[in-house]
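Read the structure below first, then the notes.
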Amino acid sequence: MKLEEAILKRKSIRKFLDKTVKKETIEKILTLAVRAPSAENTQPWEFSVVTGDVLDKIREENIKKVRNFELPPKEMERMLVERPKESIYRKRQIEIAVQLFKLMGIERDNLEKRANWLERGFRFFDAPAAIIISSDNYLIEAGTFFDVGLLTQTICLAALKEGLHTCIENQGVTYSDVLREHLNIPESKRLVVAMAIGYPDWDFPANKVESHREPVENITKWYGF
Ligand SMILES: Cc1cc2nc3c(=O)[nH]c(=O)nc-3n(C[C@H](O)[C@H](O)[C@H](O)COP(=O)(O)O)c2cc1C
């Protein structure tokens with residue numbers, strides 16, 4: 001697969017086929033993806049790859065928490081502070097949400113359908129496997145997040161070569177206590193982000209979403225050309 005094709009083909013997949021992903025395949029993807037760069041080659045990442053009963057248990061406990069409205073304060077704050085109401089970021093967030101809701105037939109005032117949709121992320125979009133990325137807590141958060149960002153995109157691209165698709169997701173690490181318990185992740189580790197991984201179900205309406213990008217001319221200043 002050509003690089004340009006892979007970059008354009010990558011998209012967030014929110015439903016997967018009920019088809020097992022082999023451990024060796026994920027191992028191959030991660031082995032390629034850890035070629036991603038990191039500041040001073042610190043490689044501030046560790047993986048917990050999870051499938052089967054363990055993943056099902058995590059999904060189950062996540063859903064219980066969502067239904068109890070247990071949103072960690074840190075997550076709530078992030079949502080409110082990062083995207084003020086009138087900002088361009090909020091507009092872009094709404095644009096993708098509107099598109100997804102339209103594809104899924106979710107009316108804005110249908111709270112039940114909206115709640116069901118929200119739960120999908122906490123179920124890792126019913127993917128056969130999930131990758132949880134953690135790092136040492138004492139490392140500076142901003143640097144770690146930058147490096148893990150490079151890594152996750154590389155995982156997404158490497159997965160395509162194996163016919164696998166992904167969704168990078170914050171929702172997957174919202175309930176860190178659930179993950180810590182089932183994956184034996186100590187408090188000394190920070191849960192950075194999760195990824196759902198599997199074979200895509202192209203018949204699922206939300207998988208047809210086409211996210212837009214701001215044209216480069218709107219976000220770029222050129223000097224000395
Ligand atoms: C750090 C990060 C966290 C994300 N968290 C979620 C999430 O929790 N739930 C979700 O549905 N999508 C999540 N996404 C996917 C984004 O919504 C998606 O990348 C964006 O809408 C652009 O769409 P595309 O990936 O299909 O190009 C996340 C993406 C990133 C990079």
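Note that ligands are numbered from 1 as they come in the structure, with each ligand's atoms numbered from 1 the same way. No experiment lies behind these values; they were computed from the predicted model shown. When a residue number appears, it is its place in the shown sequence, counting from 1.
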Note to self: Under a 4.0 angstrom heavy-atom cut-off, which atoms of ligand 1 come close to Q171?
What the structure shows: 7 (C), 8 (O), 9 (N), 10 (C), 11 (O)

Check: What protein heavy atom sits nearest atom 5 (N) of ligand 1, and how far off is it?
Finding: N170 N, 3.0 Å

Notebook entry, point to check: For atom 20 (C) of ligand 1, is the nearest protein heavy atom under 4.0 Å away?
Noted result: no

Check: Which atoms of ligand 1 have any heavy atom of K11 under 4.0 Å away?
Finding: 26 (O)

Next item on the list: Would you mind checking which non-hydrogen protein atom is closest to atom 15 (C) of ligand 1, with the distance to 0.1 Å?
Entry: S12 OG, 3.5 Å

Notebook entry, point to check: What residue and heavy atom of the protein are closest to atom 13 (C) of ligand 1, and at what distance?
Noted result: I168 O, 3.3 Å

Checklist line | Within-shell test, R10 vs ligand 1, heavy atom, strictly < 4.0 Å | finding: yes

Notebook entry, point to check: Got L139 and D136 here, is their nearest side-chain heavy-atom distance under 4.5 Å?
Noted result: yes

Next item on the list: Would you mind checking which non-hydrogen protein atom is closest to atom 12 (N) of ligand 1, with the distance to 0.1 Å?
Entry: R14 NH2, 3.2 Å

Notebook entry, point to check: For the residue pair F124 and F16, is the inter-centroid distance of their aromatic rings smaller than 6.0 Å?
Noted result: no

Next item on the list: Take atom NZ of K11 as the centre, draw a 6.0 Å sphere, and report whether it contains more than 12 heavy atoms from other residues, nucleotides or ligands.
Entry: yes

Checklist line | 4.5 Å side-chain heavy-atom contact, P128 and T20 | finding: no

Checklist line | Which of the ligand 1 atoms, numbered from 1, are nearer than 4.0 Å to a heavy atom of E169 | finding: 4 (C), 5 (N), 6 (C), 7 (C), 8 (O)

Check: Where on H212 is there a heavy atom closer than 4.0 Å to ligand 1, on the side chain, on the backbone, on both, or on neither?
Finding: neither

Checklist line | Test item: I132 and V49 side chains (from C-beta on) under 4.5 Å apart, heavy atoms | finding: no

Note to self: Taking atom CG as the centre, does N68 end up with more than 12 heavy-atom neighbours from other residues, nucleotides or ligands that are less than 6.0 angstrom away?
What the structure shows: yes

Notebook entry, point to check: Looking only at protein heavy atoms, which one is nearest to atom 23 (O) of ligand 1, and how far off is it?
Noted result: S211 OG, 3.3 Å

Notebook entry, point to check: In the single-linkage hydrophobic clustering (I, L, V, M, F, W, Y; side-chain heavy atoms under 4.5 Å), do I197 and W45 co-cluster?
Noted result: yes

Next item on the list: Mark the output for Q99 as yes if a heavy-atom distance to ligand 1 is under 4.0 Å, and as no if none is.
Entry: no

Check: Same cluster or not: are I58 and F47 linked, directly or through other Ile, Leu, Val, Met, Phe, Trp or Tyr residues, by side-chain heavy atoms under 4.5 angstrom apart?
Finding: no

